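The structure appears below as structure tokens.
All values reported here derive from a predicted model rather than from experimental measurement.
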Amino acid sequence: MAGGKLTPRQKMINMMYLVLTALLALNVSTEVLNAFRLVNEGP
């Protein structure tokens, strides 16, 4: 990926993206999780 040193601003932005991704992962609805379970069970 990007080489070199990151500025404090870039580090903060990266951390915010990490937090946003984690929050989105926590907000996955039960319907989506059930759909994945159904797909894994197969026919």
Side-chain angles (χ1 to χ4, degrees):
M1 293 183 66
K5 295 188 177 207
L6 295 177
T7 64
R9 182 174 183 267
Q10 289 170 322
K11 288 181 186 177
M12 183 185 71
I13 290 171
N14 288 345
M15 186 62 66
M16 290 171 64
Y17 274 121
L18 261 176
V19 170
L20 175 65
T21 306
L23 288 173
L24 289 173
L26 288 174
N27 279 332
V28 173
S29 68
T30 56
E31 291 97 7
V32 173
L33 294 176
N34 287 336
F36 277 121
R37 185 171 48 87
L38 286 174
V39 168
N40 283 333
E41 288 175 359

Checklist entry - Which other residues end up in the same hydrophobic cluster as M12, if Ile, Leu, Val, Met, Phe, Trp and Tyr are linked when side-chain heavy atoms come under 4.5 Å apart? => result M16
Checklist outcome for this item: side chain to side chain contact (heavy atoms under 4.5 Å, CB included) filter on T7, not counting sequence neighbours, yields R9, Q10
Checklist entry - Taking only residues two or more places apart in sequence or in another chain, which ones pass side chain to side chain donor-acceptor pair (under 3.5 Å) with N34? => result R37
Checklist outcome for this item: Tracing side-chain contacts under 4.5 Å among Ile, Leu, Val, Met, Phe, Trp and Tyr outward from L24 reaches L20
Checklist entry - Going from CG on L38 to CG on L33, what distance comes out if it is rounded to the nearest 0.5 angstrom? => result 11.0 Å
Checklist entry - When rounded to the nearest 0.5 angstrom, what is the spacing between CG in L18 and CG in L23? => result 11.0 Å
Checklist entry - Excluding sequence neighbours, so at least two apart, what forms side chain to side chain contact (heavy atoms under 4.5 Å, CB included) with V32? => result V28, S29, F36
